[in-house]
Amino acid sequence: MVPSWPPSEAAEITESDYHDALGKAILFFEGQRSGKLPANQRVKWRGDSALSDGRLANVNLVGGYYDAGDNVKFGWPMSFTVSLLAWAATEFREQLYAANQLNHLLEAIRWGTDFILKSHTSPTTLYTQVGDGNADHQCWERPEDMDTARTVYQIDATSPGSEAAADAAAALASASIPFHKVDRNYSSVLLKNSKTVTYSAQLFEFADKYKGSYQKSCPFYCSYSGYQVSYIVPKDELLWAAAWLFKASKNEKYLTYVDSNQAWSEPVSEFSWDNKYAGAQVILSKVFGMGKQALKKYKADADSFLCALMPQSSSAQIHTTPGGLLYTRESSNLQYVTSASLLLFIYSKTLQRINVTSVQCGTISVSPTQVRTFVKSQVDYILGKNPLSMSYMVGFGRKYPQQLHHRGSSIPSIRMHPSKVGCQEGYSIWYKAKTPNPNTHIGALVGGPDSTDQFTDSRSDYSHLEPITYMNAAFVGCLAALINHSGSLNLKIINMTVPEGSYTL
């Protein structure tokens, strides 16, 4: 589909724009940090918060990321966020290095993995949430002020949650890869303990042995994908985790697992926190292309995902707005745009790597170059090449959202306004204010425009104005994919600032 508006009306997005947006997309994660902030914290309007998280259960659950515009830490989507960031660091390492962002990205990944390690307190125990979502959503407070109950939730052998455990396994396994060349100690922490039993493998075995649907974070994160009629087998997350474990460890048992469970794989048109099929399919398509011909169904399903998204495909399932943006659903649509775009960038690279010149989509053939051109148009749309000439990244471009649906951003910083802002005071004064947020949450993506490319900048419209960690995480990889790079990458000279309280051997 050719956009119905004249693209010439919007400014072209340049190479320097991609560099600028990449740095800001990564910086966003510092504004989402929970816990004791490190000395090298760059987002200065944030302060220490939630320093007693986990105390109700006598565990240390300080750290991690606030999920979105609220003050809750949801472990399941946090794991997905980490996996997406780690995938970007693995696939586009040279581009990130060229943009001087690799160290910042590794720090963002580590802030998440440190928390996941803390949350995994025994072979069959994983803490999956801190904070009561319902109570939190009744208040509009800065994280530094919050006084709502920091209730903790966990899964174990008697109350399982296979999706959350499998996603945590995937996060640790995927993160071990980019750390391997810069910090082997930490990579080993993620992948091995002293008995050479991997933490990620332990989580995977927990997810696979004690199968059960994760519903503790409903109504905020309820799983609907990947289940058999019996509702006990989260097929997509188990395939996703096994694929990452094989990629990270090269242990053949995970290859056997995905091979023997190949019938679980399904053609899909979405890649999201609740639907990991396409992610597993893209990872395993590369394995197929490198000689494991038994995995042909994963390659066929990855092709189907590509065809479902390409506008010129006769089998397209996801359509575009008049301005050319993929449109999956109304609420936070950009999360689906960024995740699909990341996957298509990686898959186009994979197709070239395994010498596949085109994919047949019904009556047409689509080349990797055509795929890359299309997903570049999605990135450009988000950055301002759209009918409204609106950047949907806060702090990027001349025109961007001013009323981000985000508690910390919408209330003056504790440094500027040290007196407490209470639960209802925040709602009555700051949530309802018609003025721009006092703190610019640089790099935050919003939910985006509606199906007709229209957008209203109103803080109360969380479907279109709320940032989400995994939406930004996917966009990091998209931006890195568009960075030109040259020369060799001397990984050994990279020095990383280790956040306070990080894990070491």
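Keep in mind that what you see is a predicted model, and the values were worked out from it rather than measured.
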Validate the cation-pi geometry between [X] and [Y]: distance from NZ or CZ to the six-membered ring centre under 6.0 Å, angle to the ring axis within 45°.
| X | Y | answer |
| --- | --- | --- |
| Arg33 | Tyr66 | no |
| Lys292 | Tyr298 | no |
| Lys73 | Tyr65 | no |

Minimum heavy-atom separation for [X] and [Y], please, with both atom names.
| X | Y | result |
| --- | --- | --- |
| Arg459 | Pro436 | NH2-C, 4.1 Å |
| Ala207 | Ala165 | CB-CB, 3.7 Å |
| Gly477 | Ala88 | CA-CB, 3.6 Å |
| Cys361 | Ser313 | CB-OG, 3.3 Å |
| Ala164 | Thr128 | CB-CG2, 4.0 Å |
| Ile116 | Ala168 | CG2-CB, 4.0 Å |

Output the distance between atom [atom1] ([X]) and atom [atom2] ([Y]), rounded to the nearest 0.5 Å.
| X | Y | atom1 | atom2 | answer |
| --- | --- | --- | --- | --- |
| Lys44 | Leu37 | NZ | CG | 9.5 Å |
| Leu325 | Thr320 | CG | OG1 | 8.0 Å |
| Asp114 | Ile109 | CG | CD1 | 12.0 Å |
| Gln281 | Leu306 | CD | CG | 12.0 Å |
| Arg372 | Lys349 | CZ | NZ | 9.5 Å |
| Tyr462 | Ser331 | OH | OG | 6.5 Å |

Can any side-chain N or O of [X] pair as donor or acceptor with the backbone N or O of [Y] at less than 3.5 Å?
| X | Y | result |
| --- | --- | --- |
| Lys286 | Tyr347 | no |
| Asn333 | Leu326 | yes |
| Gln129 | Gly131 | yes |
| Gln41 | Gly31 | no |
| Asp303 | Val359 | no |
| Ser339 | Phe271 | yes |
| Trp111 | Gly64 | yes |
| Asn439 | Gly408 | yes |
| Gln402 | Tyr400 | yes |
| Ser367 | Ser358 | no |

- Item | Heavy atoms from other residues, nucleotides or ligands near CZ of Arg42 exceed 12 (cutoff 6.0 Å) |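 Enclosed.
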- Inspect the surroundings of NZ in Lys432 and state if more than 12 heavy atoms from other residues, nucleotides or ligands are less than 6.0 Å away.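 Not more than 12 within 6.0 Å, no.
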Any luck finding a side-chain donor-acceptor pair between [X] and [Y] under 3.5 Å?
| X | Y | answer |
| --- | --- | --- |
| Tyr327 | Asp453 | no |
| Asn437 | Ser409 | yes |
| Thr452 | Asp450 | yes |
| Gln454 | His464 | no |
| Ser460 | Ser458 | yes |
| Ser451 | Glu330 | no |

- Item | side chain to side chain contact (heavy atoms under 4.5 Å, CB included) partner of Cys478, the single match among Ile346, Ile382, Val379 | Val379
Can the ring centroids of [X] and [Y] be said to lie less than 6.0 angstrom from one another?
| X | Y | result |
| --- | --- | --- |
| Phe29 | His104 | no |
| His441 | Phe28 | yes |
| Tyr431 | Tyr427 | yes |
| Phe345 | Phe92 | no |
| Trp140 | His405 | yes |
| Trp273 | Trp76 | yes |

Report yes if some heavy atom in the side chain of [X] is under 4.5 Å from a heavy atom in the side chain of [Y]; otherwise report no.
| X | Y | result |
| --- | --- | --- |
| Phe115 | Thr113 | no |
| Ile13 | Leu383 | yes |
| Trp240 | Ile283 | yes |
| Leu96 | Ile483 | no |
| Asp167 | Met78 | no |
| Val268 | Asn275 | yes |
| Glu266 | Lys235 | yes |
| Lys399 | Ser391 | no |

- Task: Under the side-chain contact (heavy atoms from CB on, under 4.5 Å) rule, what do Thr81 and Leu85 come out as? Steps first, then yes or no, please.
- Result: CA-CA 6 Å; Thr81 294; Leu85 292 174; 4.2 Å; yes
- Query: Is there a side-chain hydrogen bond (donor to acceptor under 3.5 Å, both in side chains) between Ser332 and Arg329 once you walk through the steps?
  - Reply: CA-CA 8 Å; Ser332 299; Arg329 55 180 60 95; over 6 Å; no
- Task: Could you walk me through whether Ser304 and Asp301 pass the side-chain hydrogen bond (donor to acceptor under 3.5 Å, both in side chains) test, one step at a time?
- Result: CA-CA 5 Å; Ser304 179; Asp301 288 344; 5.7 Å; no
- Task: Check step by step if side-chain contact (heavy atoms from CB on, under 4.5 Å) holds for Glu144 and Arg46.
- Result: CA-CA 8 Å; Glu144 297 82 4; Arg46 282 297 321 283; 2.7 Å; yes
- Task: Classify the ring geometry between Tyr381 and Tyr392 as parallel (under 30°), tilted (30 to 60°) or perpendicular (over 60°).
- Result: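 Judged by the thresholds at 30° and 60°, the geometry between Tyr381 and Tyr392 is parallel.
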- Message: Between Gln32 and Thr469, is the side-chain hydrogen bond (donor to acceptor under 3.5 Å, both in side chains) condition met? List the steps.
- Response: CA-CA 8 Å; Gln32 295 297 117; Thr469 53; over 6 Å; no
- Task: Go through the steps for Lys385 and Glu12 under the test side-chain contact (heavy atoms from CB on, under 4.5 Å), then give the verdict.
- Result: CA-CA 7 Å; Lys385 193 175 180 181; Glu12 286 296 319; 3.0 Å; yes
- Please test Met146 against Arg407 for side-chain contact (heavy atoms from CB on, under 4.5 Å), starting from the C-alpha separation and ending with a verdict. CA-CA 10 Å; Met146 67 176 161; Arg407 285 158 175 77; over 6 Å; no
